[in-house]
Structure formats: structure tokens, C-alpha cells
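Let me begin by presenting the structure, written as C-alpha cells, before commenting on it.
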There are 2 protein chains.
Amino acid sequence: MAKAKRTLKWQRDPEGMRLRILEAAKQEFSAHGLAGARVDRIAAKAGANKRMLYYHVGNKDELYLAVLEGAYDKIRSEERGLDLEHLDPPEAIRRLIEFTWNYFLRNPEFLSLLQTENLARAKHLKKSTKVKSMHSPFVEMIRTVVRRGVESGDFQVAVDPVQLYISIAALSFFYLSNSATLSVIFGRDLLDKKAKDERLAHMVGLVLAALTGQSVALFEIAKAPKSRAAVAQTV
Amino acid sequence: MAKAKRTLKWQRDPEGMRLRILEAAKQEFSAHGLAGARVDRIAAKAGANKRMLYYHVGNKDELYLAVLEGAYDKIRSEERGLDLEHLDPPEAIRRLIEFTWNYFLRNPEFLSLLQTENLARAKHLKKSTKVKSMHSPFVEMIRTVVRRGVESGDFQVAVDPVQLYISIAALSFFYLSNSATLSVIFGRDLLDKKAKDERLAHMVGLVLAALTGQSVALFEIAKAPKSRAAVAQTV
DNA sequence: ACAGTATTTATCCAACGGGTTAATTTCTCT
DNA sequence: AGAGAAATTAACCCGTTGGATAAATACTGT
């Protein structure tokens, strides 16, 4: 009460409101998909009136696209922060895998949004001029890392960087985005600490072994799960 | 007109009707997700009345679960048909990757259904007693293949079969389920013949190189896309 | 201080969509 | 044949939902 002015019925804050709306929309769309998302819930979550969504962003579809573009924007900008140029090739690849894995872990909504958009066959993304111009810097990074690796003799073969990029993303993405069904099927929790550590070790080991021809130390960890079975538990 | 009896208003065909409903539901759910699916459209597609869905299967959720269970049922039964016991380890792994890839290609609805279910955090699958008992036979298959490979010296290291299974699935799954957004981002069609051939070659090469320590012939194809790559395939 | 504009609230509504009710038609068994 | 059960149709119900309209309230510059 005793704060600055006295509490008015409401204050203006267009920028803040827009951000809160987009954040709420991100939550809602990633939790329920496009069709399952409820405009009213987004409004409520943003502490706003439903009319505000239309006023500040647009209708449901525009809202969704804005969220999607924001998500791409965010990952691309983080990707740019990671420079692999000065690392030796195997270390650069390891770093890349770790970044991808951790980014997905820290931003589960990103995974959900991509799933949702792919379910829609990228119908919305195709309309976005924004996203099409945001190339991932990774592909070129990988290209030079691979070239350096081959030249130095660290890597036994030159892979197509796009394929490698997709594979690295795939190994993390699928594990995390499908962890719910996989956990049911395998009857164990794929998201507990130990399982996650093992997964990261496995991925790094797999990719580096393929590139260098030598199985990496970390790969071995996954190898002999001394079989008090890796489990830990689910549901 | 001049057929068998004369055309009655309608014939009875409970089993056929049930199948048509489930098939239509599979299409609808995989195309639009759970929330996006329309019960009326399923009925129309099945050449039936909406009431029939409820009569033969149940409400929307039950319909969805039946479809999901059917999808798992199908892949598990095909998996069982694949026996890798008599192949030498590297060949068995290659076979496994090819099967997975081709199955996903031939059954795109399976991918969509899994995405949908994971978006729902496997809420429905958890309720299915059926699916929980249908363990994939792959894990045990892989375990013995890996053991044989290590013993014979073909493989340089013993991987955890669950991790390997997930990785093999991941490499195909992600590429296909996310091909829509990836195609937009890379500005090229990941689903044309050439791209698919290269992808399969890359996956086989990656996994086998990791296991054996030697880069496989096929791996090279991806590198220098001379592309008349292996394969035979699909769709 | 006040006029004009930007921001927010309070209601409303028409279409949609899942599900239900009740009547109708075909089949089967005796 | 014909009665009872099974399968199918047709019509309706009603809460939900995206979106729109109009009025109120807070700012801004002059």
C-alpha cells in the first residue's frame, strides 16, 4: 500500500504486457499444442484480458507464429555465442553435442513447439519470412570443424555437415521429446539424473567414435552398466 | 443396380465398420493431433454416422487410445518378424537400421501419433495395460547382437542396448518427423529420393563406424554424394 | 487542465464440437 | 413369419471457444 503512488486500478505497460502475453502463449502452446491451446487461458496466465492478445499480437494463429519465431530466435542467438573455432575438432564436436543437449533440457517448450509445428507440416513456419532468414550458424561451424579434423587426422572421414547436424540434434531431441512414451515402454524414468548423464555420455561416445574411429572413454561408461540395472524409476 | 440383391438402404457389417472407423481415426488423429481431430470428420471418413463411433469404440479419448494401441501392435509384430540371429553383427545392425527407417517411411502416421502422445506426456499410454506388456523385442535382439559383435571382435566396445536402440530410432525418427521444419530451414526438400538415400547411408555409416571403429563404405557415400546409394524403397 | 489517443476492461455472440436421445432398419433364431 | 436383438440413422443439446463491440480509464503533449 505504502508504495510509490497509490495503487491505481491499472497501469499502462504495453511492452511488459506484450512480453507477458508471449510468455504465457509459449507455455500454453507448448503444453497443449495449437488446437489444444486456449486463448482464454493465455490471457489469464498473462494476467490480462483476452482482448489484449488481439490488441498486442493478433489472433490465435498470429500469436502462435510469434511464439514460434521467438523460440527460433532464442536458440539461434545462443548458438552464435558458442564458438568452436579455437577448439580441436573432437573437443568441438563434444562441445556441440553438450550444448544441444543442455539447450533442449533447459528449454523443453522449444521441443514441444517444434513437434507441434511439424505435426502441422510447418504450415505456419513456411509463412514466416523471419525464420527463413535465420540460418543456424552450426552448419558452417561443423563444416570447418570436420575439414580441420580430417586434415589433422583426428577424423577418419569427412561427413556431410548437414547430416551430422541433424544427427546430433536427433540424438538429443528424440530422447527428450519422446521420453514420456519411452519411459512407459521401458518401464523406467529416462529423465532422472543418472539416466541423463548416461545418455549424454552415450551420444558423445557414439558420434566421436564414428568420427575418430576410436571409442571414447565416456562411451565406455554406458557400456558396462554393472547391471544393478540402470533403473531408478518412474511413475 | 443389377447387382446381387437390390441395394438396400444399408447393410450390417460390425467388424468392417469398426475397422473403417479405426482407420479413419488413425488418419484424423495423425493429421490433426488429439485436440485438432474432429469426431465428425472421422465419422464422415469412415462412411458412417457419428453415433457409430460411440457405439463401436467409445468416446474420443477411447478412440484415440485404440488407435495408439493398434499402432504399437503393428510395429511390434513386424519387429518380431525380423530375426537378426543368423546375421553377422555388423550386418544385423545395418538390417535393423534399414528396417526402422523403412517402417517409419511406410507408416508416417505412427510418427505423428507418437509425437501427439508425447505432447500429452504419454497420459493415455500410461493407462493402457495392453501397451505396457508389449515390450519391444529389439532390446534383447540388440543385446545379443552386441555381445556377439564384441566376442567376434567386430565391435570395439559393448554399448548399452537400450541406448543403442533409442539412438537408432532417433536418427530416423527425428529426420522424418521434423522434416517439415528442417526442410524450411535448410531450404531444401529432405524427402526427395536422393536425400532419403543419403540419409540412410549416413545413419548406417555413423552407427557402424562407431561400433566397429572403421568407417563403412556407405558412410562415404554421404560424403561424396555420388548417390545411387543402396536402398530399394517405399512410398 | 484538457483534448486526444493509447491501453485496458466488461460483455456479448454465433459457430463449433463432443456427446446423447430416440426412432428406424436389418438381421437371426426359432 | 415374426419377435427380439443388433446395427444404423437422424436430430437435437448445450457448454465451449475464438473473436468482436463498445465503453471506460490512464497517459501525453500542449
Side-chain angles (χ1 to χ4, degrees), chain A residues 3-68 116 120 123-124, chain B residues 3-68 116 120 123-124:
Chain A
K3 262 301 167 57
K5 304 176 174 185
R6 84 169 182 280
T7 306
L8 299 167
K9 282 192 186 166
W10 47 269
Q11 303 120 285
R12 288 183 167 194
D13 181 15
E15 301 83 13
M17 177 60 89
R18 190 185 151 86
L19 289 183
R20 272 180 297 142
I21 288 172
L22 288 175
E23 179 58 31
K26 181 165 77 177
Q27 300 299 329
E28 179 72 10
F29 284 123
S30 67
H32 303 284
L34 178 49
R38 292 294 165 257
V39 173
D40 295 275
R41 275 201 299 252
I42 295 175
K45 234 173 288 185
N49 186 288
K50 183 164 56 162
R51 179 69 179 78
M52 293 286 83
L53 313 190
Y54 295 90
Y55 183 77
H56 287 284
V57 188
N59 64 21
K60 193 181 183 183
D61 273 348
E62 296 172 285
L63 203 50
Y64 169 77
L65 184 56
V67 166
L68 194 60
T116 294
K123 185 171 75 171
H124 313 86
Chain B
K3 261 302 167 57
K5 306 177 174 184
R6 78 166 187 286
T7 306
L8 298 167
K9 283 191 184 166
W10 47 270
Q11 301 121 285
R12 288 182 167 194
D13 181 16
E15 302 83 12
M17 177 61 89
R18 189 185 152 87
L19 289 183
R20 273 179 296 142
I21 288 172
L22 288 175
E23 178 58 31
K26 181 165 78 178
Q27 300 299 329
E28 180 72 10
F29 284 123
S30 67
H32 303 283
L34 178 49
R38 293 292 165 257
V39 172
D40 295 275
R41 276 200 300 251
I42 296 176
K45 234 173 289 186
N49 186 287
K50 183 165 54 162
R51 179 68 180 79
M52 292 286 83
L53 312 190
Y54 296 89
Y55 184 76
H56 286 285
V57 187
N59 65 21
K60 194 181 183 184
D61 274 347
E62 295 173 285
L63 202 49
Y64 168 77
L65 184 55
V67 166
L68 194 60
T116 294
K123 185 171 76 172
H124 313 85

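Here is how names work: the chains are called A, B, and so on, in the same order as the sequence lines, proteins then strands, and each is numbered from 1. Bear in mind that the values here come from a model prediction, so they are computed numbers and not experimental data.
The interatomic distance linking B:Q11 (CD) with C:dT28 (C1') rounds to 17 Å, in whole Å. The nearest whole Å value for the distance from the CZ atom in B:R38 to the C1' atom in C:dG19 is 14 Å. A:D40 has its CG atom 13 Å from the C1' atom of C:dT11, to the nearest Å. One interatomic measurement links the two molecules: CZ of B:R20 to C1' of D:dT8, which rounds to 11 Å at whole-angstrom precision.
Taking a 4.0 Å limit (strictly below) on heavy-atom distances, residues 49-64 of chain B reaches DNA chain C at B:K50, B:R51, B:Y54, B:N59, B:K60.
Taking 4.5 Å as the limit, every side-chain heavy atom of A:L19 sits out of range of all side-chain heavy atoms of A:E15.
Under the side chain to side chain donor-acceptor pair (under 3.5 Å) rule, B:K45 has a single partner from B:E23, B:E28, B:Q27, which is B:E28.
Contact between B:R38 and B:K60 at its shortest, heavy atoms only, is NH1-NZ, 4.2 Å. When all heavy atoms of B:H124 and B:A120 are compared, the pair lying nearest together is CE1-CB, 3.9 Å. For A:I21 against A:I42, the heavy-atom pair with the smallest separation is O-CG2, 4.0 Å.
Residue order along DNA chain D, read from the 5' end via each residue's closest nucleotide, puts B:G47 first among B:G47 and A:A35.
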Test log, rule side chain to side chain contact (heavy atoms under 4.5 Å, CB included), inputs B:N59 and B:V39: CA-CA 9 Å; B:N59 65 21; B:V39 172; over 6 Å; no
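A:A37 comes within 4.0 angstrom of sugar-phosphate atoms only, judged by non-hydrogen atoms across all strands, and of no base.
Nearest to the side-chain atoms of B:P14 among the listed nucleotides D:dT8, D:dG18, D:dA7 stands D:dA7.
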